[in-house]
Structure formats: structure tokens, C-alpha cells
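The structure appears below as C-alpha cells.
FYI, the numbering just counts along the sequence from 1.
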Amino acid sequence: MAFVQFSKVSLSFGDRDILKDVSVNLATGTKAALTGTNGAGKSTLIKIMAGLVEPDSGERITQKDARIAYLPQSGLVHEGCSLKEESDKAFLWGYNIQKQIDALGEQMALSPDNSRLAEEHAALLAKLEESGWYRREMLAEQVLLGLGFSREDFSRQTEEFSGGWQMRIALAKALMCTPDILLLDEPTNYLDIEARNWLEKFLSDFKGGFLLVSHDRYFLDHTVTEVYELFNGDLKRYSGNFSHYEQVRQVELETLIAEYEKQQAEIQHLEEFINRFGYKATKAAQAQERQKMLDKLLENKIEIPESLKKIHFTFPPAPHSGQIVLTLNQICKNYGNGDVIHNLDFVLEKNERLVVAGKNGAGKSTLLRIISGADKNFSGEVKTGAGVSIGYFSQDSAEKITGNQTILEYMESRSPMELIPKLRDMLGAFLFRGDDVFKTINVLSGGEKSRIALLELLLKSVNLLVLDEPTNHLDMHSKDVLLSALKDFGGTVIFVSHDRGFIEDLATRVLELHPGSYRNFSGDYKYYMQRLEDEASGIVQPFTSGTVAEKKTAEKTEQLEAPSKSETKLNWEEQKKADALKRKLEKEVEKYEQQISDAEEKKSRLELQMADPEVYSNGEKAKSIQKQIDQIDAELEKLNSLWEEAAAKIM
């Protein structure tokens, strides 16, 4: 079992304790999340675990030869080779072992009777075999495709990829190197929902241990079995998934809040006494005594994690609109290589929450720009209903946030009068806390400006919100605040998001885009995902582009079209079991096919070695290789027999 162990690790920046006697053990099978407020030190702790930052004190122990892969939040750039060549660098550890094997082979040729060399050689061969080294090309392809790259991308130079795709390359390499321990700092930041779903499955099946930071609650709930919270330098472990951690933490917080409020009342009482009587000679001694009491309280001041403070705000009232909010007629958009959007017809009604789904390049952001009026270079008609006013947010909105005002001044100048008293809380919910509100606009990062642009939009009096990835640059707490506000919003919402939990909680309807085609699902996102799963398994037939899958109608139609028991001798439950058995057998066949392919590949490599004059002229080496080939032949015979049996059952 591989492990990385930390005991009583401490680190300070100036007079601030980032980590205080932190102890944690990551081992094979660990599936853990690291959480905490922005600035709590999560990234620093992960860097210490990766061996990139030295703590002030404490001990870091790693098992010998344990492979640790680390992915930072951002900043990695790859250049000078193709994507395939860059991916192959993830297997450097295997090439190093192969060099050791080759060197031992040379020594063995000079000392054929040296048993120690033979044992080391055999051990390294076994290690390389067990590691999956010989399946590295297949693994690289699987990971790259899973993270959204196409086969055409494999030959592209890495410098051609944008920043987000550069981080996907880095993530792919971290996963490919088959590490014992994975340390991932916000790996979902640059992933669309398809890539997140793939990564979720990868981590669920991962045999090593991992610790990750993410602001995607759905992703965490489906990947981790324990949560570490970093708060005020202390690290505390909670068993269970992320939602369970939040439930337990909320109970703890209720007790903490009661103690916090009691302490705040005591602090206020002491401060009032000191301010009132501090300068009176007759009360000086009492004031000094209370000052000592106050100092002691402030030294042990109770803090409440920002991530667990419940902040709620509401939009300005949405203006009245007609029942039909938006009508799209024959919308077409061409980028030169064909229509991205082709003859799209759609009607949106009041109070709907529509999510636009589809893979990268399907035209999601393009459609939102067309609806908002930001893109007028298209054919077809966009018709808004009576009284409809549109508010549009995209990642480009940050570019319009300029000036020398402070954040607070900027927001006050754009806020309705009735919401100005709530602005500090709203800014806090969007990660501008304490003195952050006095930063000037011109020093903000792109992510900070995006949050300002989103909050500015939410303060406007509109009744159709068009939101392109509004959850980017928000932490989990901020997403919850935004989600609550959007649920209570009195108007209509069209949005794109890569956060599955956010989509599931908000969407009431799904528009699925493909390059040149689309499908309309009149049901929530869970229904949509179930429908896709049923289509993939053959339970229902996919419907054609432009038609509507309406939830109740679709369910009723599926029941009417299902064969009767008298016709098929199978009722619905039996058919479900039969389908499940078929899928199981198909997976079994795929497993045998993969094993046969791996064995044949290994046999081919050995046969190439046998053709080498240095090998076939060396009797002992040739005999050893021939023995391995014979063993593979026997294994292939067995595997082919098993494959035939499994394939026959499917037929």
C-alpha cells in the first residue's frame, strides 16, 4: 500500500498561522476532498503534500518509490511538441525503469551466473508489467478523449491550445502516469460537463489515493468518501461525502453561532463600558480591568467560516412580461465550416429555467449571444415577447468593468436605492469580504471582474436573464447564494453551466445542441440524463432533431410501445433484467478482447526481441523469451475460449 503521511506540519506567513500541527495520511484507496474558505491555505497544504513547499516544522513521510502526481490550479503551459508527444512524457517513470532493465541485461550478459542481477531484472520486468506500461498508448488515448480532445488534436502542437486546454493537458498527464497518490487543485475549473462526468468515473474507478479541491458539490458527492476542512490553520476530518460533511458541519455551526453571539454581546458590553468610563479617574481601575477582560476575549475570538454563513438576497422585482417570452424562427449561424446552428425553432415561456446543453463547439455560447443581441450576424428571427427586457452575462462581461472607483463605490452607483444597505452582504457572498470592497476596479483580476459583472447584472430590473457560465469564478457558497436567488427570480432564465449540481437544481427544461442540429427536452435535467442513458442502452429510441421529447408524453409513449407479455414472454421487469444481463455480457466480451489484444501485443514485442541477433545467439536469453511466448500462447488459447463462450451467450 502506497502512502504519504504528514505529522504535526506547521507553516506561518508573517504573523499568520496557515497550518497549525496538521496531521493527515493519504494512502491507496483514499478518496478525499479538501475544503475551506478562500485564502485558508488549501493550495499551500497541497503543495506541501506534493513536496513543493517546505513547512516550518513537522514531518513528511512517503513510501519508497511512491509516485505522486500534482495538478496546480493554473499557470501550466506546454510547447515544442505535439499533444501525443507531450502526453508520452507522463510515462517517463516507465522509460526510466526500462533503462534500468536494459542496463541490468547488459550486466547479466557479462555475468550470466549472477543471481542477484537476475532477481533485480525479473523484479523490474514484473513491476513494469503490473504498472500497465505496455498499455500506455491505449491509456493515453482513453484519457485524452475522455477529457474532450479529439483524435485530430493528437498531432497538433501543444502551443496551439488555449489556456484552459493547456490545463487539460496537464490534468491528462497527471492521470496517465498511473500515480499512487493524486493531488488535484480544482481540476474541474476548465472542464465542460462531459469531461467532468468522465473524470468523475475515472476517479471512482481509480485504485490509488487522491485528495482534491473542487467547488462542484455534485462532483464531490460522487467521488469522495471523506472531507478535510482547513479553517484557521486547523485541519479536521469528516467521513462521508461532501453533502454529509455540510450537514454535520451545520449542526456544529449552530452551537458555534450561539457561542459567537454570546461572545459578541460580551465584547460590545465591555467596549461600551471602557468608552464611557475609561477617562474618569473614579472608574479608571474598573476600566483597566475590563480592558484586560476584553483583550482576553479578543485573543480567543470565535470565528465563523465564511463558507458556512447563510447569506440570501433577492433580485429587484422582475417587470411584467407576456406568457411567450422568446420565439426563435429558423436560426442559422455559419462559421465557414458549415452551420453551427441550423434551422433552430424554439419557443420559451414565462418563468422557465432553460439550460442549453451540448459538447464544446456545439454552439451554446453562440446561441446565447444571438438571443441577447450581442451577435447579429445570423439568419432567422429572434422575437421577444411583450414587455421582455434582457440581461446578459458572459465571460466577456469582465472587459467592460473599468475605472478607478472602489468596488463598493462602483456597486453603489449601479444599485437600486433599496438594495444599497445589503450591498456589503451581497459582495461578501460573491467573495469580496472585509477590506476587499475597498480595492479599486482597475487592480482586479479577470475572475474578480467577472464576479462584479455578474452581481451588477443581478441588481438590474430585467425579466429574462441570459447567463453564460455564471458559476465560473464562484466558490460553492457563492453558487448556493446565486442558485437561491435564481430560483426565487420572478422572471425567466436561459443559462449554460458546467456544474451538474447547479443545473439539476435550477433547470426545468433542456435544449441540447449539436453542430447543425438540436433537440428539445421538456423535462428537468435528471429526466434529460435518464433519457440519454435509456437511449444509449436501447430502452427507448432517440428522437430526431427539432422534435420535442416531452416528459409525460415520452413516458406514456414508451409504455404503449413496449411489447406485451404474450408477445415476448417477458414483462417489463424481466426485460430490464435481460437488458442488464446483456450489458454485463457485453462488458465481459470487451474485457476479454482487451486482454487478448494486450497479450498479442506483448507476444509481438517478444517475437521482435527473438529476431535480434544478440538475443537468438544467446541460448539462455532466447530460451527465457521463448518460454514467455509459450506462456502467452497458452493464455491466448484460454482467453479465446472464454471470449467465444461470452460472445455466444449474447447471440
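Across A318 and G490, no two heavy atoms sit closer than the pair CB-C, 3.8 Å. The two residues T30 and N25 make their nearest non-hydrogen contact at OG1-O, 4.3 Å. Considering all non-hydrogen atoms of both residues, P187 and L171 come closest at O-CD2, 4.0 Å. Nearest heavy atom pair, residue A170 against residue L71, reads CB-CD1, 3.6 Å. Closest heavy-atom contact between L147 and W165: O-CZ3, 4.0 Å. Between D468 and Q395, the closest heavy-atom pair is O-NE2, 3.5 Å.
Between the side chain of T406 and the main chain of F438, no donor-acceptor pair closer than 3.5 Å is present. With hydrogens and angles disregarded, no donor-acceptor distance shorter than 3.5 Å links the side chain of H269 to the backbone of A265. Between the side chain of H215 and the backbone N or O of L474, no donor-acceptor pair lies under 3.5 Å. Checking side-chain atoms of N351 against main-chain N and O of T492 turns up no donor-acceptor pair under 3.5 Å. Checked by atom type and distance alone, the side chain of E229 never pairs as donor or acceptor with a backbone atom of D234 at under 3.5 Å. In this structure, the side chain of R500 does not engage the main chain of I193 through any donor-acceptor pair within 3.5 Å.
Partners of T223 under the side chain to side chain donor-acceptor pair (under 3.5 Å) rule, at least two apart in sequence or in another chain, do not exist in this structure. For the side chain to side chain donor-acceptor pair (under 3.5 Å) test, no residue two or more places apart in sequence or in another chain qualifies with S87. Applying the side chain to side chain donor-acceptor pair (under 3.5 Å) criterion to E533, with sequence neighbours excluded, gives no partner residue.
Between the side chains of E469 and S497, no donor N or O sits under 3.5 Å from an acceptor N or O. Using modelled atom types and a 3.5 Å distance limit, the side chains of Q268 and E272 yield a donor-acceptor pair. Between the side chains of E226 and Y238, no donor-acceptor pair of N or O atoms lies under 3.5 Å. Defined by atom type and a distance below 3.5 Å, a donor-acceptor pair is missing between the side-chain atoms of S243 and R217. With 3.5 Å as the limit, one finds a donor-acceptor pair spanning the side chains of Q291 and D295. In this structure, a donor-acceptor pair under 3.5 Å is absent between the side chains of T508 and D524. With no hydrogens or angles considered, no side-chain donor-acceptor pair links T188 and D216 at under 3.5 Å. There is no side-chain donor-acceptor pair under 3.5 Å between N404 and T440. Between the side chains of S10 and D21, at least one donor-acceptor pair of N or O atoms lies under 3.5 Å.
With respect to E352 and R509, a salt bridge is recorded, a charged nitrogen being found less than 4.0 Å from a carboxylate O. A salt bridge is absent between E259 and K262; no separation between the charged side-chain nitrogens and carboxylate oxygens falls under 4.0 Å. For E512 and K359, the salt-bridge test fails: no basic side-chain N is under 4.0 Å from an acidic carboxylate O.
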Given S12 and D17, is the side chain to side chain donor-acceptor pair (under 3.5 Å) satisfied, shown in steps? CA-CA 4 Å; S12 298; D17 290 326; 2.8 Å; yes

Kindly determine whether L76 and M167 satisfy side chain to side chain contact (heavy atoms under 4.5 Å, CB included), including the steps that lead there. CA-CA 6 Å; L76 296 184; M167 292 308 298; 3.9 Å; yes

Begin from the C-alpha positions of R196 and E200 and carry the test salt bridge (charged side-chain N to carboxylate O under 4.0 Å, His left out) through to its verdict. CA-CA 6 Å; R196 289 189 190 204; E200 174 195 316; over 6 Å; no

Is there a salt bridge (charged side-chain N to carboxylate O under 4.0 Å, His left out) between E252 and R249 once you walk through the steps? CA-CA 5 Å; E252 293 179 351; R249 197 67 176 96; 3.1 Å; yes

Evaluate the criterion side chain to side chain donor-acceptor pair (under 3.5 Å) for residue pair N189 and E186; output intermediate values, then yes/no. CA-CA 6 Å; N189 273 5; E186 301 197 21; 2.8 Å; yes

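Here the straight-line distance linking atom OG of S214 with atom CG of D475 works out to 11.5 Å at 0.5 Å rounding. Interatomic distance, CG of N472 versus OG of S394, reported as 11.0 Å (0.5 Å rounding). To the nearest 0.5 Å, the span separating CG on L52 from CD1 on I46 amounts to 11.0 Å. Atoms CZ and CZ, on F219 and F242 in that order, are 13.0 Å from each other to the nearest 0.5 Å. If you take CE on M176 and CD1 on I169, they are separated by 9.5 Å, rounding to the nearest 0.5 Å. Atom CG in L11 sits 5.0 Å away from atom CD1 in I48 (nearest 0.5 Å).
Annotation: salt bridge (charged side-chain N to carboxylate O under 4.0 Å, His left out) contacts involving residues 39-61, sequence neighbours excluded, are absent. Among residues at least two apart or in separate chains, salt bridge (charged side-chain N to carboxylate O under 4.0 Å, His left out) pairs with a member in residues 165-178 are E86-K173, R168-D192. Sorted by first and then second residue, the salt bridge (charged side-chain N to carboxylate O under 4.0 Å, His left out) pairs with a member in residues 434-455 read K439-E448; sequence neighbours excluded.
Here F149 and F161 bring their ring centres to under 6.0 angstrom of each other.
In this structure, R414 is positioned above the aromatic face of Y410, its NZ or CZ under 6.0 Å from the six-membered ring centre and within 45° of the axis.
Under the side-chain contact (heavy atoms from CB on, under 4.5 Å) test applied with V510, the options V355, L354, L532, I503 reduce to a single match, V355.
Within a 6.0 Å sphere centred on NZ of K20, heavy atoms belonging to other residues, nucleotides or ligands number more than 12.
The aromatic rings of W93 and F91 are tilted relative to each other, their planes meeting at an angle between 30° and 60°.
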